[in-house]
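Below you'll find the structure, written out as structure tokens, and then a few comments.
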Amino acid sequence: MIKKKILTLLVGFVFATTYINVYADSNYKKALINGDNKQISMELNKSYFKKADEAIIINENAGVDAISATPLAYLKDAPIIAVDGKKISNDILNYIKGLEVKDVTIIGGVKNVSKSVEKQLHDMGININRIHGENRYETSQSIAEEMGKEKDISNVVVISNTAGLENAIAISNFACKKNAPIIWADDNSFRDTSDFVEEQEYDNVYAVGNSARFTYASKNEMNNVKIIKEMSRYETNIDTIKENNKNLDTIYTVNIDYGNRADISKYVSLPVVAAKEDIPILVCNDNFTYPQEEFIKKNVDKVIEVGEAVEPYSIIDTLKNKSFIRVYIIILAMIVILIRGVKA
């Protein structure tokens with residue numbers, strides 16, 4: 001009897017995911033910015049930056065360092081420009097020349113952005129500054145120190161290395177508006193981060209992460225800490241968008257996997273452009289969730305999809321995306337275990 005009930009539930013589950021297909025109305029306009037990482041970076045930057053005294057150069061695959069560089073770029077009113085690391089293409093050089101850039105800050109060591117790139121810029125009469133560290137943690141602290149040279153900084157965002165990178169993108173607009181450096185923290189070596197934060201004497205620390213080790217260390221090793229929980233796999237950043245953005249007519253979307261190993265290299269230039277334009281970033285998977293779709297229908301006239309398209313909400317497509325497939329596998333494994341248990 002128990003076995004039959006389990007099989008009935010399994011059949012019903014498969015039937016539902018195969019035949020149900022419900023779409024929400026889509027009355028908003030859509031635009032897509034795609035191409036390789038450098039092309040996406042260029043198109044985003046051109047949409048806002050027409051002139052700039054300074055630019056920030058970063059390896060096109062250095063998404064994590066780009067997150068740390070975003071508040072610095074916002075403070076300096078500078079675009080973050082993605083390059084391949086070995087040389088700068090003519091179209092990017094022409095763009096930099098057209099911006100009338102006088103100073104460039106390179107993020108990363110020579111393994112990420114070579115001396116050849118530095119020479120190309122120097123030959124254009126541009127002053128070069130390089131910020132780097134042995135890892136993401138040191139690099140983010142060096143960027144924070146650079147921000148401190150520009151302005152008195154009273155806020156900081158600290159992100160756990162176990163936090164999903166979707167959280168880093170979602171918090172970037174907030175960090176820019178607060179002129180808050182974004183510092184990466186190693187949960188297993190948190191004292192390095194807490195010592196740095198305490199030395200800088202920030203008034204407010206916004207700690208992003210869910211792990212027990214991170215939240216405990218944040219509360220006990222730093223002052224004036226507010227814990228910001230991670231977005232879970234099925235929640236959205238809609239509330240944060242409503243709180244921090246006056247303009248909801250237009251939104252950017254990013255289509256990324258959830259987790260700290262997600263590829264965010266397509267979006268190295270997006271957060272600073274979005275913050276300058278005061279356009280929020282909606283973090284998505286392959287399809288909008290139902291709350292995301294409803295939010296867009298009620299508030300948004302135009303959706304600008306960056307890197308990859310995000311399809312309208314659909315029960316069948318939502319259940320077929322990568323996040324739900326992982327859940328499928330877990331459920332099926334549990335059913336197999338239960339059936340074997342009944343047989344035994």
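Atoms considered below: every heavy atom in the structure, side chains included; atoms not considered: hydrogens, waters and symmetry mates. Numbering starts at 1 and runs along the sequence shown.
- Under a hydrophobic clustering in which Ile, Leu, Val, Met, Phe, Trp and Tyr are joined whenever their side-chain heavy atoms come within less than 4.5 Å, directly or via other members, Y216 and V205 fall into different clusters.
- Note on ring orientation: taking the six-membered ring where Trp is involved, the planes of Y28 and F288 are perpendicular (angle over 60°, cut-offs 30° and 60°).
- Here the side chain of E308 pairs no donor or acceptor atom with the backbone of V254 at under 3.5 angstrom.
- Closest approach of I279 and T250 over heavy atoms only: CG2-O, 3.3 Å.
- Using a 4.5 Å heavy-atom threshold, the side chains of N129 and E146 count as touching.
- Every residue two or more places apart in sequence or in another chain that forms a ring-ring contact (aromatic ring centres under 6.0 Å, His included) with F190 is listed here: F214.
- With S189 contributing its side chain and D192 its backbone, the two residues share no donor-acceptor pair below 3.5 Å.
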Quick one, S41 with S269, criterion side-chain hydrogen bond (donor to acceptor under 3.5 Å, both in side chains). Give me CA distance, side-chain angles, the key distance, then yes/no.
CA-CA 5 Å; S41 172; S269 299; 2.6 Å; yes
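- A donor-acceptor pair under 3.5 Å is absent between the side-chain atoms of D278 and the main chain of A275, judged by distance alone.
- Both tests hold for K276 against Y74: distance to the six-membered ring centre under 6.0 Å, angle to the ring axis within 45°.
- One finds no salt bridge joining E54 and K102 here, because no Lys/Arg side-chain nitrogen approaches an Asp/Glu carboxylate oxygen to under 4.0 Å.
- Enclosure of atom CG in D203 by more than 12 non-hydrogen atoms of other residues, nucleotides or ligands within 6.0 angstrom is indicated.
- Counting heavy atoms from C-beta on, the side chains of Y252 and V303 never come closer than 4.5 Å.
- Put simply, the side chain of E293 gets close to the backbone of Y313: a donor and an acceptor are under 3.5 Å apart.
- The shortest distance between side-chain heavy atoms of Y206 and I171 does not fall below 4.5 Å.
- Residues I106 and M124 share a single hydrophobic cluster, defined by chaining ILVMFWY side chains whose heavy atoms lie under 4.5 Å apart.
- A donor-acceptor distance shorter than 3.5 angstrom exists from the side chain of D186 to the backbone of N188, with no hydrogens or angles considered.
- A distance-only check finds a donor-acceptor pair linking the side chain of N135 to the backbone of E138 [under 3.5 Å].
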Test log, rule side-chain hydrogen bond (donor to acceptor under 3.5 Å, both in side chains), inputs S211 and D187:
CA-CA 8 Å; S211 78; D187 288 11; 2.7 Å; yes
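- Distance check: Y137 OH to I183 CD1 gives 13.0 Å after rounding to the nearest 0.5 Å.
- Listed here is the closest heavy atom pair of I81 and A55: CD1-CB, 4.0 Å.
- A heavy-atom distance below 4.5 Å is not found between the side chains of T70 and L270.
- Minimum interatomic distance between G133 and T139 (heavy atoms only, all atoms of both residues): N-OG1, 3.0 Å.
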Would you sort out whether V104 and N127 count as a side-chain contact (heavy atoms from CB on, under 4.5 Å), showing the intermediate values?
CA-CA 6 Å; V104 159; N127 300 314; over 6 Å; no
side-chain contact (heavy atoms from CB on, under 4.5 Å) between N260 and N161: does it pass, once the steps are laid out?
CA-CA 7 Å; N260 62 356; N161 68 318; 5.8 Å; no
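- Note: M147 CE to S142 OG = 13.5 Å, rounded to the nearest 0.5 Å.
- A175 and P71 make their closest contact through CB-CG, 4.2 Å (heavy atoms, listed as atom of the first residue, atom of the second, distance).
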Stepwise side-chain hydrogen bond (donor to acceptor under 3.5 Å, both in side chains) test for N244 and N173
CA-CA 8 Å; N244 294 287; N173 188 288; over 6 Å; no
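- Without hydrogens or angle criteria, R130 side chain to G109 main chain gives a donor-acceptor distance under 3.5 Å.
- For Q39 (side chain) and D36 (main-chain N/O), a donor-acceptor pair under 3.5 Å exists by modelled atom type.
- Taking CG from D53 and CG from D77, the interatomic distance works out to 8.5 Å, rounded to the nearest 0.5 Å.
- V310 and L32 end up in different hydrophobic clusters when Ile, Leu, Val, Met, Phe, Trp and Tyr side chains are linked at under 4.5 Å.
- Enclosure of atom NZ in K30 by more than 12 non-hydrogen atoms of other residues, nucleotides or ligands within 6.0 angstrom is indicated.
- For N112, the side chain to side chain contact (heavy atoms under 4.5 Å, CB included) test picks out N59, with sequence neighbours left out.
- In this structure, the side chains of W184 and T193 stay at 4.5 Å or more apart for every pair of heavy atoms.
- Here K298 pairs with E294 under the side chain to side chain contact (heavy atoms under 4.5 Å, CB included) rule; sequence neighbours left out.
- In terms of hydrophobic clustering, with Ile, Leu, Val, Met, Phe, Trp and Tyr side chains grouped at heavy-atom distances under 4.5 Å, I56 and I128 are assigned to a common cluster.
- Taking the side chain as every heavy atom from C-beta outward, N45 and V273 approach each other to under 4.5 Å.
- Put simply, CD1 on I169 and CD1 on I281 are 6.5 Å apart, with the number rounded to the nearest 0.5 Å.
- A distance of 11.5 Å separates CG in D152 from OH in Y202, rounded to the nearest 0.5 Å.
- Contact annotation: the side chain of T105 approaches that of I131 to within less than 4.5 Å [non-hydrogen atoms, C-beta and beyond].
- The side-chain contact (heavy atoms from CB on, under 4.5 Å) test with L72 is passed by exactly one of V272, I143, I80: I143.
- Taken together through direct or relayed side-chain contacts under 4.5 Å among Ile, Leu, Val, Met, Phe, Trp and Tyr, F174 and I227 form part of one hydrophobic cluster.
- Between I251 and I296 the shortest side-chain heavy-atom distance falls below 4.5 Å.
- Side-chain contact annotation: N155 with N204, donor-acceptor N/O pair under 3.5 Å present.
- For the side-chain contact (heavy atoms from CB on, under 4.5 Å) with M231, the qualifying choice from N210, N167, V208 is N167, the only one to do so.
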In sequence, state the C-alpha distance, the side-chain angles, and the governing distance for E118 and V113, and then conclude on side-chain contact (heavy atoms from CB on, under 4.5 Å).
CA-CA 8 Å; E118 197 170 318; V113 181; over 6 Å; no
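- A pairwise comparison of heavy atoms in K86 and S116 identifies O-CB, 3.4 Å as the closest pair.
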Please assess N37 against D84 for the test side-chain contact (heavy atoms from CB on, under 4.5 Å), listing each intermediate value before the final yes or no.
CA-CA 9 Å; N37 297 345; D84 70 9; over 6 Å; no
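- A distance-only check finds no donor-acceptor pair linking the side chain of S68 to the backbone of S140 [under 3.5 Å].
- Summarising the local packing, NZ of K51 is surrounded by more than 12 heavy atoms from other residues, nucleotides or ligands at distances under 6.0 Å.
- A distance of 10.0 Å separates CD of Q120 from CD1 of I57, quoted to the nearest 0.5 Å.
- Summarising the geometry of Q292 relative to T289, their closest heavy-atom pair is OE1-N, 2.9 Å, with the distance given to 0.1 Å.
- Checked by atom type and distance alone, the side chain of N255 pairs as donor or acceptor with a backbone atom of A309 at under 3.5 Å.
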